[in-house]
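Report on one structure; see the data block that follows.
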Amino acid sequence: MPTQTEIMERIVALCRRRGFIFGSSEIYGGIGGFWDYGPLGCELKKNIKDVWWEDMVRNPPPGPGGREFQMVGVDCSIIMNPNVWVASGHVGGFSDPMVDCTECKKRFRADKAWVARLAQDSVVVFVAVEAESREEAVQATMQALTARQKKDLGMPGKTFTEEYVAAGALPSHWKRICPACQSDALTSPRSFNLMFETFVGALQDAASKAYLRPETAQGIFANFRNVMDSTRVKIPFGIAQVGKAFRNEINPRNYTFRSREFEQMEIEFFCHPGESRMWYEYWRDVRINWYTQLGIKSDKLRPREQGKEELAHYSCGTTDIEYLFPFSEEPQELEGVAHRGDFDLKAHGKHAKGDENAFAVVDDDKQSRDRQGAGGAAEKTPADRYVPHVIEPSAGADRFTLAVLCEAYSFDESRASPEFMKFHPRLAPIKAAVFPLVAKDGLPEIAEPIFREIKKHYPCQYDAKQSIGKRYARMDEAGTPFCFTIDGQTKVDGTVTVRSRDDASQVRIDKSRCLEYLRERLRLGV
RNA sequence: GCGGGUGUAGCUCAGUGGUAGAGCGUCACGUUGCCAACGUGAAUGUCGAGGGUUCGAGUCCCUUCACCCGCUCCA
């Protein structure tokens with residue numbers, strides 16, 4: 001029985017061997033955190049993005065109670081005015097200063113390592129703890145004080161002065177104590193900016209500095225007014241975008257899971273504040289179902305509602321949709337469905353227009369109610385306008401691609417082809433293959449027209465080389481759900497063999513029905 | 001940034017100072033004819049890079065680079 005680590009290694013090996021995923025720039029020794037999709041991988045990922053667009057944008061499931069709503073798409077530039085990232089909070093908060101202990105080699109976030117200076121008369125004691133907040137630091141410090149230190153300070157009873165400073169801001173005369181080993185060996189805070197910087201124009205000066213977007217969401221928010229003004233969308237509605245994003249991860253890990261360049265599939269859904277909870281629940285359920293329908297087993301898919309303490313300060317609720325990858329004992333996030341309140345539109349209103357209500361919309365429902373009540377057109381008052389709330393289902397295209405690969409990977413030693421990729425047919429890179437059993441006796445002449453017909457409608461491959469077993473095995477590794485084989489009997493009665501990937505079963509159908517059969521089976525999702 | 005590991009054919013690896021190899025895969029030809037069959041043949045190497053020691057380095061020494069794992073981080 002292979003371990004989870006061994007399974008992951010086999011998946012990685014198969015992905016490379018069969019051209020799903022390569023390390024970027026391999027011929028130059030590679031580059032960490034960047035990946036290339038090969039011929040099969042790019043088809044798979046494209047299918048994932050296309051299916052997402054089809055199911056979420058062009059034809060989303062009906063809203064709560066059959067409620068109608070609109071979805072539209074945008075495709076925004078990767079480099080935006082840098083002020084976008086000031087407004088979004090990424091310039092201020094997207095870098096984490098870190099401190100290292102030169103003694104025990106541990107590293108801490110500078111705002112989470114606290115040093116306490118406790119003094120009474122001439123006695124001064126420094127104690128360091130790890131803590132999320134000052135309150136926690138106080139508590140932890142009191143627990144961490146040794147008996148000797150308590151005696152020096154005359155605790156309990158006598159008064160002493162307490163000062164708490166996070167490691168990011170220690171005064172120069174303080175000891176830089178490490179929370180782990182308590183030695184005086186912490187470095188000064190060093191900043192790790194997680195946004196990639198670049199320069200727009202020929203001059204590389206501060207004024208031309210720009211960033212590669214760390215998320216696609218801000219392009220949507222920045223175009224909120226444009227979309228409202230150029231289309232006839234009415235709240236509630238959503239704007240979707242699929243595109244690359246970049247984060248300079250300190251340490252990319254776990255195959256493609258934490259990449260520095262990755263692709264997001266994001267929706268910002270705008271709704272009335274009074275209905276935001278309802279839409280949040282709608283999108284949470286829609287997104288969970290979407291993964292399930294594409295064949296992700298429910299016991300590996302783990303929706304997890306974030307606790308209050310985990311939530312970003314502006315959020316009223318977030319569900320992480322997590323998947324249990326073979327490389328980890330903990331489920332890892334595929335998507336976050338976040339209730340973001342009016343934080344983003346207000347932030348851009350304030351930064352771009354100097355008014356946090358700049359992107360408020362007219363409350364049509366209230367207008368019509370008032371008009372009915374007053375028996376005529378009512379004047380618009382500030383109360384008739386509101387800044388929409390936002391529900392943000394933000395999915396990782398590469399992460400889901402990886403989850404699909406892991407989920408599809410199957411191993412059955414009793415088969416002639418023990419390794420096979422059990423992709424959902426909608427996602428399979430190749431939908432069918434056509435084989436003449438042997439490359440002679442007129443069989444290729446029968447097989448080729450069948451191949452050409454299918455290929456017009458579905459990604460399909462023709463293979464006449466080597467033994468039939470090898471050809472089935474190759475298609476199993478590529479995750480092709482069906483193979484049509486033309487043999488001697490075809491010449492007699494016109495039937496061909498259809499061989500199924502998942503159970504290697506075979507049925508005979510008339511050669512004229514191949515495309516029809518394939519279409520039917522793909523539609524059924526079998 | 002710290003510690004550990006690994007770099008030889010597309011992949012898995014052998015080669016312990018003396019001609020760069022095997023298996024698998026790929027390709028060609030033949031044979032077989034429904035589950036990685038068999039035979040013959042072929043292609044594929046800056047042995048991660050640079051320097052040193054040596055008559056001679058894949059092998060020993062130094063430096064360096066890249067990747068992987070752990071720590072750290074994951075907004």
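Keep in mind it's a predicted model, so treat the numbers as computed, not measured. In what follows, every chain begins at residue 1, and chains take the letters A, B, ... in the order their sequences are listed.
The gap from the P atom of B:C55 to that of B:G50 amounts to 23 Å, rounded to the nearest Å. For B:G25 and B:A43, the C1' atoms lie 13 Å apart once the distance is rounded to whole Å. When the C1' atom is used for both B:G39 and B:G45, the distance is 28 Å, rounded to whole Å. Look at the P atom in both B:U40 and B:U31: the space between them is 16 Å, to the nearest Å. Comparing the C1' positions of B:A37 and B:G21 gives a spacing of 26 Å, expressed to the nearest Å. The P atoms of B:G18 and B:G58 are separated by 10 Å, rounded to the nearest whole Å. Using P as the reference atom, B:U8 and B:G48 are 6 Å apart when rounded to the nearest Å. Taking atom P in both B:G15 and B:C67, the straight-line distance is 27 Å, to the nearest Å.
For A:Glu136, the CD atom counts as densely surrounded, since its 6.0 Å shell holds more than 12 non-hydrogen atoms of other residues, nucleotides or ligands.
Between A:Phe269 and A:Trp283, the distance separating the two ring centers is shorter than 6.0 angstrom. Aromatic ring centres of A:Tyr37 and A:Phe20: separated by at least 6.0 Å. Here A:Trp35 and A:Phe262 keep their ring centres 6.0 angstrom or further from each other.
Nucleotide B:U54: unpaired (no Watson-Crick or G-U wobble partner with both distances less than 3.5 Å). Partner assigned to B:G39 is B:C29, using Watson-Crick or G-U wobble distances below 3.5 angstrom. Using the Watson-Crick or G-U wobble rule with both distances under 3.5 Å, B:G70 pairs with B:C2. Across all strands shown, B:C34 forms no Watson-Crick or G-U wobble pair with both distances under 3.5 Å. Judged by Watson-Crick or G-U wobble contacts below 3.5 Å, the nucleotide B:G10 has B:C24 as its partner. Across the strands present, B:U64 finds its partner in B:G48; the criterion is a Watson-Crick or G-U wobble pair with both atom distances under 3.5 angstrom. For B:U59, there is no paired base (Watson-Crick or G-U wobble, both distances below 3.5 Å).
Considering only residues two or more places apart in sequence or on other chains, A:Arg134 meets the salt bridge (Lys or Arg N to Asp or Glu O under 4.0 Å) condition with none of them. For A:Asp476, the salt bridge (Lys or Arg N to Asp or Glu O under 4.0 Å) partners are A:Arg415, A:Arg499, not counting sequence neighbours. Residues satisfying the side-chain hydrogen bond (donor to acceptor under 3.5 Å, both in side chains) test with A:Lys455, not counting sequence neighbours, are none. Residues passing the side-chain hydrogen bond (donor to acceptor under 3.5 Å, both in side chains) test with A:Thr141: none are found, sequence neighbours excluded. With sequence neighbours excluded, the residues that form a side-chain hydrogen bond (donor to acceptor under 3.5 Å, both in side chains) with A:Ser414 are A:Asp412.
Across the protein-nucleic acid pair, A:Ile468 atom CD1 and B:C38 atom C1' stand 17 Å apart, rounded to whole Å. The nearest whole Å value for the distance from the CE atom in A:Met8 to the P atom in B:C68 is 13 Å. Atom-to-atom, CD of A:Glu419 to C1' of B:U12 comes out at 13 Å; the value is rounded to the nearest Å. Atom pair A:Asn254:CG and B:C71:P shows a separation of 11 Å (rounding to whole Å applied). Rounded to whole Å, the distance from CD on A:Glu26 to C1' on B:C68 is 13 Å. Between the CD atom of A:Glu130 and the P atom of B:C71 there is a distance of 14 Å, given to the nearest Å. A straight line from CG of A:Asp487 to P of B:C35 spans 12 Å, rounded to a whole angstrom. Atom P of nucleotide B:C35 and atom CZ of A:Arg499 are separated by 11 Å, given to the nearest angstrom.
Backbone-only contact: A:Arg16 has heavy atoms under 4.0 Å from sugar-phosphate atoms and none from a base. Contact annotation for A:Asp476: no contact, since no heavy-atom pair falls under 4.0 Å across all strands. Residue A:Gln332 is classed as having no contact, given no heavy-atom separation below 4.0 Å to the nucleic acid. As judged by a 4.0 angstrom heavy-atom cut-off over every strand, A:Glu215 is placed among residues making no nucleic acid contact.
Between A:Ala13 and A:Glu249, the one whose closest nucleotide on RNA chain B sits nearer the 5' end is A:Ala13. For A:Ala416 and A:Arg399, each mapped to the nucleotide of RNA chain B holding its nearest heavy atom, the one lying further toward the 5' end belongs to A:Ala416.
Taking NZ from A:Lys244 and OG from A:Ser259, the interatomic distance works out to 10.0 Å, rounded to the nearest 0.5 Å.
Between A:Arg471 and B:A36 there is no side-chain polar atom (N or O) within less than 4.0 angstrom of OP1 or OP2.
Comparing B:C34, B:C67, B:A36 by their closest approach to the side chain of A:Ser417 singles out B:A36.
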Seminar exercise, completed: The contact string for nucleotides 22-32 of chain B, one letter per nucleotide 5' to 3', using protein heavy atoms under 4.0 Å with B, S and - for base, sugar-phosphate only and none, comes out as ---SSSS---S
